[in-house]
Amino acid sequence: MPEEPTATTTTTLDGVLTRLVPTTEDDLDLLAGWFASPDFVTYWGGVPLSRDEVAEKYVGRRRPRVQSYLVLAEDVPVGYAQFWHADAPEDGTEGGIESGTEGGIDLVLQPASQGRGLGPDATRALLAHVGGELGWRRVTVDPVRENVRAVRAWEKAGFRQVPSETGEPLLEFRFPEGRRHGPRTLTTTTDHGTTTADAPS
């Protein structure tokens, strides 16, 4: 019998235009180069990151609380994505993670790969996984206000704006109650757009 997926399972996620592959230590050189580029981090905190910061956050060391992925298009790395469990304790204790029903998504693409529909496609793959495999009920994203294209792209992927305590944009995606949801049950659009968002602290 195949193993039942859990919140701690690292799984390759397939979209129509993209494939999301869990990051590993072998991806550090690539990711460190990306996150050192001002263009890449314009809407991801706005400040280039050191190699040590990238190693700590984006090559899988925060699993199971944060699941990190390379976004591939035609097998070429074009961006970084992650989803994180809102109810998970910082120490990664699995009980809180497996019982959680909501969390957030963050996604950033290389500038040259934006405007091709890759962001919304990768988002739909993430939503299909967290809703269909993990049983989440609610997903949030928090793009910076100045990133108007990202806000619109999240909306194209099925998110809607909701009030936030900080006054900054907060968008949510809610799955219908009563069943888990795979790729064919998500209410989204395939219009082209880009998605970038700030990483969780």
Return yes if some donor-acceptor pair links the side-chain N/O of [X] with the main-chain N/O of [Y] below 3.5 Å, else return no.
X    : Y    : result
E102 : A86  : no
T18  : D14  : no
D121 : L17  : yes
R19  : L72  : no
R124 : G158 : no
R137 : P176 : yes

How long is the gap from [atom1] on [X] to [atom2] on [Y], to the nearest 0.5 Å?
X    : Y    : atom1 : atom2 : result
L109 : R116 : CG    : CZ    : 9.0 Å
T140 : W154 : OG1   : CH2   : 9.5 Å
L126 : Q67  : CG    : CD    : 11.0 Å
E168 : E146 : CD    : CD    : 7.0 Å
Y43  : N147 : OH    : CG    : 5.0 Å
Q82  : R65  : CD    : CZ    : 9.5 Å

What pair of heavy atoms forms the shortest contact from [X] to [Y], and how long is it?
X    : Y    : answer
L20  : A122 : CD1-CB, 3.8 Å
A81  : V71  : CB-CG2, 3.9 Å
S50  : E53  : N-OE1, 2.8 Å
A32  : V54  : N-CG1, 3.9 Å
P169 : V144 : CG-C, 4.3 Å
T11  : Y69  : O-CE2, 3.1 Å

- Query: Tell me the side chain to side chain donor-acceptor pair (under 3.5 Å) pairs involving residues 21-34, sequence neighbours left out?
  - Reply: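 Residue pairs passing side chain to side chain donor-acceptor pair (under 3.5 Å), neighbours aside: E25-R61, D29-R51.
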
- Note on the structure: Using a 4.5 Å side-chain heavy-atom cut-off and chaining through intermediate ILVMFWY residues, the residues clustered with V148 come out as none

- Is there a side-chain contact between I105 and L127, using heavy atoms and a 4.5 Å cut-off? yes

- Measure the shortest side-chain to side-chain distance between F83 and H129 over non-hydrogen atoms and say whether it is less than 4.5 angstrom. yes

- F159/V151 under side-chain contact (heavy atoms from CB on, under 4.5 Å): CA gap, chis, key distance, verdict: CA-CA 9 Å; F159 287 78; V151 173; over 6 Å; no

- Message: Count I, L, V, M, F, W, Y as connected when their side-chain heavy atoms are under 4.5 Å apart, and connections chain through other members. Are V41 and L28 then in the same cluster?
- Response: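 Yes, same cluster.
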
- Test side-chain contact (heavy atoms from CB on, under 4.5 Å) applied to L30 and L70, step by step: CA-CA 10 Å; L30 173 65; L70 279 181; 4.1 Å; yes

- Task: Kindly assign one of parallel, tilted or perpendicular to the pair Y80 and W44, based on the angle between their ring planes and the thresholds 30° and 60°.
- Result: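 Geometry flag for W44 against Y80: perpendicular rings.
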
- So, E172 and R160, do they make that salt bridge, N to O below 4.0 Å?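 Salt bridge present between E172 and R160.
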
- Query: Should F173 and T123 be marked as a side-chain contact (heavy atoms from CB on, under 4.5 Å) after you check the CA-CA gap, both sets of side-chain angles, and the distance that decides it?
  - Reply: CA-CA 11 Å; F173 185 102; T123 299; over 6 Å; no

